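Values in this document were obtained by computation on a predicted structure and should not be read as measured data. Reminder, nothing fancy here: chain letters follow the sequence lines and each chain counts from 1.
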Number of protein chains: 2
Amino acid sequence: MKKTVFVFGALIVALLTLFQLSKYSITTGNLGIEFAIAAIALIFFFIGIYINKKSLHKKQAQIPIGEIDEDKISELGISKREYEILIKISEGLSNKEIASQLFVSESTIKTHISNLFPKLDAKRRTQAIQRAKEMRIIP
Amino acid sequence: MKKTVFVFGALIVALLTLFQLSKYSITTGNLGIEFAIAAIALIFFFIGIYINKKSLHKKQAQIPIGEIDEDKISELGISKREYEILIKISEGLSNKEIASQLFVSESTIKTHISNLFPKLDAKRRTQAIQRAKEMRIIP
DNA sequence: TGAGGACTCATACTAAAGTACCAAAACCAC
DNA sequence: GTGGTTTTGGTACTTTAGTATGAGTCCTCA
C-alpha cells in the first residue's frame, strides 16, 4: 500500500515536471517538443503496464488453486491420525508401509481406514483419494 | 494476429495524428497544448494496459497447469486400452466396475493392469495413480 | 502371408485390502 | 475423576487386487 502511494506520487510529480518542461520548450522554441511528447507517451505506457500487472497479480493471489479446505476436514469428523493416514494412502503406500512409517501395527491402520472411508463416502482407497481431492482436503 | 496488426496500425495512426495536432495547436497558439499532452498520455496509458493484458493472457495459454504429457505415454509404451484403464483406476473404480464399464471381463482388466504397473514402475494401483500424476499423464 | 503387437479371457494362486467386533490404554474437557 | 473421543491392537473373516501362465482373436505392416 505504501509502495502504491509512493509510486503514484512519483508519477504525478513526473507528470507535472513534464508538463512544465513541455511548456518551457514551447516558449523557448519548439525544438524538443517531439521529445517531450514521446517521453510523456513512454512514461504513461509503462504506467499502464505497471498498473495492469499489479491488478492481475492481485487476481492471482485471490484465487489460489491448490488450497486445502481445513474446515471440510473437521466438518467430516476426520481426526488428525486419520488424515495423516489419508495422506499416506494418496502417496500410494500400502497398509504395511504406512504402519511401519507411523510405528504402529497394520491392524491399527486398517481400523483407521475402516473408520475413514464412511466419512469420505468411499468404498476403496482409490475412491477415497478421488473423493478427498475433489473436496480439496488433500493437495 | 490480424487483430494485433490492426490495433497497432490504428495506434500508429493515432500517434501521428496527435503529433500533428499538437504541432498545429502550438503554431496557432498554445491553448490546447495541455489537452493534447493529456490525450497522448491517456492513449499510451491504455496501450500499456492493453499490451500487458495480451502478453499475460498469452502466458497463461502457454503454460496450462493441468496439461497431459502425451509424449510420455507413448514413451512408456502404454497402449490406448491400458491408458483408458489407468484413467478409470484414478477415478477410484474397482476392477469389476471398470470391467462392466468397458464391457470386458475382470480378467482382462487384471491382465491390462499387470502389464501397466511395470511401465509405471508401480506395485499398487494407488502408487500407479501417484506416479501417473507426477509424470503428468493423467489430469 | 506371416510375424508381431494389442486385446481378450481363463485358471489358479498369493497377497493385500477391507469388514466386523471387541477391548484396552491414552487423552481431553467439563 | 468421570465420560467421550482418539488411538491403539487383536482375531477372524470376506473381498478385492495382483501375479503367472497359457491361449485365442484381430489387426497391421512388411
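Between the side chain of A:E134 and the backbone N or O of A:R131, no donor-acceptor pair lies under 3.5 Å. In this structure a side-chain-to-backbone donor-acceptor pair under 3.5 Å is missing from B:K119 to B:I78. At least one donor-acceptor pair closer than 3.5 Å links the side chain of B:Q127 to the backbone N or O of B:K123. Between the side chain of B:Y83 and the backbone N or O of B:I137 there is at least one donor-acceptor pair closer than 3.5 Å.
Side-chain atoms of A:S79 lie closest to D:dT6 of the nucleotides D:dT8, C:dC9, D:dT6. Counting only heavy atoms from C-beta on, B:K80 has its side chain closest to C:dC7 among D:dG9, D:dG18, C:dC7. Of the candidate nucleotides C:dG18, D:dG9, D:dG18, D:dG9 has the atom lying nearest to any side-chain atom of A:S107. Side-chain proximity of B:R125 to the nucleotides D:dT8, D:dA17, C:dC9 is greatest for D:dA17. Listed candidates were D:dG9, C:dG18, D:dT19. Nearest to the side chain of B:K110 is D:dT19. Nearest to the side chain of B:F117, among D:dT19, C:dT8, D:dG9, sits D:dT19.
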Problem - A:T111 and A:T108: CA distance, side-chain angles, deciding distance, side-chain hydrogen bond (donor to acceptor under 3.5 Å, both in side chains) verdict - result: CA-CA 5 Å; A:T111 308; A:T108 307; 5.9 Å; no
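Residue B:K96 has a polar side-chain atom (N or O) positioned under 4.0 Å from OP1 or OP2 of D:dT16. Contact between the side-chain N/O atoms of B:S114 and the OP1/OP2 oxygens of D:dT19 is found at a separation under 4.0 Å. Checking the phosphate oxygens (OP1, OP2) of D:dT8, a side-chain nitrogen or oxygen of A:R81 falls inside 4.0 Å. Contact check, A:H112 against D:dT8: a side-chain N or O comes under 4.0 Å of OP1 or OP2. Look at B:N95 and you won't find any side-chain N or O under 4.0 angstrom from OP1 or OP2 of D:dT16. Regarding contacts with the backbone of C:dC9, every side-chain N or O of B:T111 stays at 4.0 angstrom or more from both OP1 and OP2.
Atom CD1 of B:I109 and atom C1' of D:dT19 are 16 Å apart (whole Å). One interatomic measurement links the two molecules: CG of A:L76 to C1' of D:dT5, which rounds to 17 Å at whole-angstrom precision. Rounded to whole Å, atom P of D:dT15 lies 13 Å from atom CD of B:E106. When the P atom of D:dT7 is taken as reference, atom CG of A:L116 falls 11 Å away, rounded to whole Å. Atom P of nucleotide D:dT7 and atom CD of A:E84 are separated by 9 Å, given to the nearest angstrom. In this structure, CD1 of A:I98 is placed 15 Å from P of D:dT7, rounded to the nearest angstrom. Protein atom CZ of A:F103 is 17 Å distant from nucleotide atom P of D:dT7, rounded to whole Å. With rounding to whole Å, A:I85 atom CD1 is found 13 Å from D:dT6 atom P.
Within the nucleic acid shown, A:T108 comes within 4.0 Å of at least one base atom, counting heavy atoms only.
Nearest-nucleotide positions on DNA chain C for B:V104 and B:T126 put B:V104 closer to the 5' end. Heavy-atom nearest nucleotides on DNA chain C were determined for B:S105 and for A:A122, and the one closer to the 5' end corresponds to B:S105.
In terms of heavy-atom proximity, A:A128 sits nearest to A:L120 at CB-CD1, 3.9 Å.
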